[in-house]
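Structure first, commentary second.
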Amino acid sequence: METYEGKKYYRIRVPVFWLSVICVVLLIFGAYFKDELYEKWLRSGGMEDVTFEGLTSALEDKGSCYLCGSSDHSLVDVFRKSGRIGVISLNDWYVLEFHIKSRDESIPATEQGYRTFTSGNTGEVTYSSEGSYSGKMASIEVTLPEDFRLKTEVMENHLCQNCLDKVAESLDFRKWKHEKKEAIPLCLIDFETLEIYSLQDWHKGCLIRDYWVEIEHEGDKVSADVYDVAE
Ligand SMILES: [Zn+2]
């Protein structure tokens with residue numbers, strides 16, 4: 001530091017000065033275009049498919065399969081009779097049923113429960129489920145935890161190989177190679193046929209028998225609306 005006419009000055013070498021100026025300009029530029037630069041970087045690696053092929057069932061007794069067997073720990077068996085459709089939270093195998101009018105005419109309207117609203121927290125996800133008064137439309141909304149991650153061991157330990165393959169196939173998704181993205185630990189199920197349908201973010205809707213399903217993803221929320229389109 002030098003003093004000249006009572007004022008203080010730093011002595012700085014010309015290249016160092018210009019280097020500092022360039023650094024500051026780059027920082028401002030970087031901050032301003034941060035999102036665009038990040039997006040560019042994400043896309044630079046191209047896309048990749050994430051699949052869960054090759055999961056191996058560790059279930060010894062096929063009869064206790066959570067999907068096709070009869071296990072006290074799975075509600076699939078209970079809901080099978082209703083012929084409705086539902087959602088499965090795969091990390092804790094929590095099974096939700098759409099509150100829609102059952103195809104089973106022998107169940108009286110008072111026991112159908114399609115006019116009810118339920119909500120709760122399974123320990124893995126929070127959900128709400130409701131049905132319209134007519135029983136022709138129902139919706140389920142699931143909120144995933146911020147850092148959700150699919151626990152494949154739950155599926156491997158409790159599903160037979162056939163069911164494991166079905167569920168695993170529904171979990172396929174695409175992402176940017178550099179992107180941090182996890183499989184959504186949810187799927188749709190048809191209780192009548194035990195077919196599994198995807199709830200990953202690329203899937204916007206499908207027809208399951210004569211139920212039309214519309215799927216929406218927003219942040220950590222996944223919601224599905226079901227319309228009974230039977231004549
Ligand atoms: Zn099975």
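What's counted below: heavy atoms across the whole structure, side chains too, no hydrogens, waters or symmetry copies. Ligands are counted one by one from 1 in listed order, and the atoms in each one are counted from 1 as well. Keep in mind that what you see is a predicted model, and the values were worked out from it rather than measured.
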Student check: side-chain heavy atoms of [X] and [Y] closer than 4.5 Å:
{"X": "Ile184", "Y": "Phe173", "value": "no"}
{"X": "Phe52", "Y": "Val167", "value": "no"}
{"X": "Leu90", "Y": "Cys187", "value": "yes"}

If you measure from OG on Ser71 to OH on Tyr66, what distance do you get to the nearest 0.5 Å?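 Ser71 atom OG to Tyr66 atom OH measures 5.0 Å (nearest 0.5 Å).
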Residues, nucleotides or ligands: over 12 heavy atoms within 6.0 Å of Glu179 CD: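 Atom CD in Glu179 is crowded, with more than 12 foreign heavy atoms closer than 6.0 Å.
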Answer yes or no: does atom NZ of Lys8 have more than 12 heavy-atom neighbours from other residues, nucleotides or ligands under 6.0 Å? no
The Zn ion (ligand 1): protein N, O or S atoms that are less than 2.8 Å away, sorted by chain: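 Cys65 SG, Cys68 SG, Cys160 SG, Cys163 SG, with waters left out.
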